[in-house]
Amino acid sequence: MAKVISFINYKGGVGKTTTTFHIGCALAMFEPKKKVLLIDADPQTNLTFLCCDFKSWEHRVKVNGSLETVYSAYLDQKTSPLEDIIWKKPMARPELSNVDLVPSTIELLDIDLRLQSKTHAATTIREVAQTHLDQRSILLNAIKEIADQYDYVLIDCPPNLYLATQNALYASDGYLVTLMPDHFSTVGVTFLDRKVRQLLKERNLAEQIVDPNSEGARRLPSYLCFVKVNVTAGRQQIVAREQMAIVRGMPNFKDKCFDTHTEDYKDIREATTEQLPVFLNSSGSQNDVLYRRMAEEFREKLG
Ligand SMILES: Nc1ncnc2c1ncn2[C@@H]1O[C@H](COP(=O)(O)OP(=O)(O)OP(=O)(O)O)[C@@H](O)[C@H]1O
Ligand SMILES: [Mg+2]
């Protein structure tokens, strides 16, 4: 049964997509090789375009649909099996043949509004709680059908905590927050932690309203990893080190920070342009070594 892990942060540009892609590729490429499904839950479609070119994506989503198809089917009270949407081996390189993809489209942008508009039908507190759970369990139910085909399902979330991210969290066995070490991220990580805890509490409450015998409090394993750490000698490098030390010392995060961080080098940008992980584009480069190590830590910590 697959381990489902979401990569989240409501801040934009903090390496969620790059880290989902690299950890996914590393798990699939390096011994013991694992079967990995990448799910692009972001309407920006960045993860999708790390895995395929525009023309093949356009054709593919027209014929087989995208993640948005799963949500639309729920709204139209139909079913659309994830099995039919999953793009098997979207990347040509044989080293990446263990990676499959659920692509995204810009249409995912409207999904929150469309899901929210369904709430009005609920009247009793039990109905409200049931709708709350239903709207956030769409991805969970879709993944259940295919979970036995994979070792890992990795979900790249958009930079917000709206319903697409909440669906990802409900479907997950754990989550990883990617973080750049600067002052605002350090402040933001506490807000993020509080907000995610609140979302999970709301889930427990809704479950108990619907079924008073339900399990009760459930916590998701969560970790933090620092990415894109500034390595240019000078003030910024000092700030990065200071901020990492501050977060590592916070009681809430003390045992939750990955030892490995990735650094701000051009190897990532060059690999992105080639739609390849650094492991294949610039073997031996700084982030090749660091992302391999981060993936090993991911296996150790998240199973
Ligand atoms: N270790 C790194 N070294 C250099 N550049 C990096 C590194 N990690 C990520 N980047 C670059 O930083 C930019 C933002 O990364 P990415 O798209 O992964 O962030 P994100 O959190 O997914 O953004 P969004 O919130 O918009 O989805 C990209 O241009 C990416 O290539
Ligand atoms: Mg992204």
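Just follow the structure's listing: the first ligand is 1, and inside any ligand the first atom is 1. This chain uses plain numbering: 1 for the first residue, then up along the sequence. Worth knowing before you read on, the calculation uses all heavy atoms, side chains too, and leaves out hydrogens, waters and symmetry mates.
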Please could you name the atoms of ligand 1 that Asp42 approaches to less than 4.0 Å, counting only its heavy atoms?
27 (O)
Please check if any side-chain donor atom of Glu68 sits under 3.5 Å from a side-chain acceptor atom of Ser66, or the reverse.
no
With only distance considered, is Gly13 within less than 3.5 Å of ligand 1 through an N or O on each side?
yes
Would you say atom 28 (C) of ligand 1 has a protein heavy atom nearer than 4.0 Å?
no
Is a salt bridge present between Lys33 and Asp151, judged by a nitrogen-to-oxygen distance below 4.0 Å?
no
Write down the atom of Lys256, the atom of Ser222, and the distance for their closest heavy-atom approach.
NZ-OG, 3.1 Å
Can we call the ring centroids of His261 and Phe226 under 6.0 Å apart?
no
Quick one: does ligand 1 sit under 4.0 Å from the side chain of Glu263, the backbone, both or neither, non-hydrogen atoms only?
backbone
When every non-hydrogen atom of Asn287 is compared with those of Glu263, the smallest separation belongs to ND2-O, 2.7 Å
Side-chain donor or acceptor of Trp87 paired with backbone N/O of Trp57 under 3.5 Å:
no
Considering both backbone and side-chain atoms of Asn46, is one of its nitrogen or oxygen atoms within less than 3.5 Å of a nitrogen or oxygen in ligand 1?
no
Need the ligand 1 atom indices (1-based, order shown) with element for anything under 4.0 Å from a heavy-atom of Arg269.
4 (C), 5 (N)
Need the ligand 1 atom indices (1-based, order shown) with element for anything under 4.0 Å from a heavy-atom of Gly15.
15 (O), 16 (P), 18 (O), 19 (O), 20 (P), 21 (O)
Atom 26 (O) of ligand 1 - nearest protein heavy atom and its distance:
Gln44 NE2, 3.2 Å
Residue part near ligand 1, for Thr19, under 4.0 Å between non-hydrogen atoms:
neither
Before we go on, tell me: are the rings of Phe279 and Phe30 under 6.0 Å apart, centre to centre?
yes
Tell me, please: is Val227 in heavy-atom contact with ligand 1, that is, under 4.0 Å?
no
Of all the atoms in ligand 1, which lie at a distance below 4.0 Å from a heavy atom belonging to Lys16?
18 (O), 19 (O), 20 (P), 21 (O), 22 (O), 24 (P), 25 (O)
If you take the nearest heavy atom of each of Tyr265, Tyr291, Phe21, which one is closest to atom 4 (C) of ligand 1?
Tyr265
Got a protein heavy atom sitting under 4.0 Å from atom 31 (O) of ligand 1?
yes
Near Val14, which atoms of ligand 1 are under 4.0 Å from a heavy atom of that residue?
19 (O), 20 (P), 21 (O)
Taking only non-hydrogen atoms of Asp264 and a 4.0 Å limit, the atoms of ligand 1 in range are 3 (N), 4 (C), 5 (N)
Go through it in stages, so that I can follow the logic: the residues are Asp100 and Lys35, the test is salt bridge (Lys or Arg N to Asp or Glu O under 4.0 Å), and I'd like the CA-CA distance, side-chain angles, deciding distance and then a yes or no.
CA-CA 8 Å; Asp100 293 346; Lys35 192 99 181 73; 3.3 Å; yes
Name of the residue among Asp156, Thr272, Thr45 meeting side chain to side chain donor-acceptor pair (under 3.5 Å) with Thr17
Asp156
Can you pull out the closest protein heavy atom to atom 13 (C) of ligand 1? Residue, atom name and distance to 0.1 Å, please.
Lys228 NZ, 3.7 Å
Under 4.0 Å from a heavy atom of Pro159: give me the atoms of ligand 1 that qualify, with their elements.
25 (O)
Numbering the atoms of ligand 1 from 1, which are under 4.0 Å from a heavy atom of Gly12?
25 (O)
Determine whether more than 12 heavy atoms belonging to other residues, nucleotides or ligands lie under 6.0 Å from atom OH of Tyr10.
yes
Atom 15 (O) of ligand 1: the protein heavy-atom neighbour that sits closest, reported with distance to 0.1 Å:
Thr18 OG1, 3.6 Å
So if you build clusters from Ile, Leu, Val, Met, Phe, Trp, Tyr with side-chain heavy-atom gaps below 4.5 Å, do Ile155 and Leu176 land together?
no
Just say parallel, tilted or perpendicular for the rings of Phe258 and Phe298, cut-offs at 30° and 60°.
tilted
Does any N, O or S atom of Thr17, backbone or side chain, fall under 2.8 Å from the Mg ion (ligand 2)?
yes
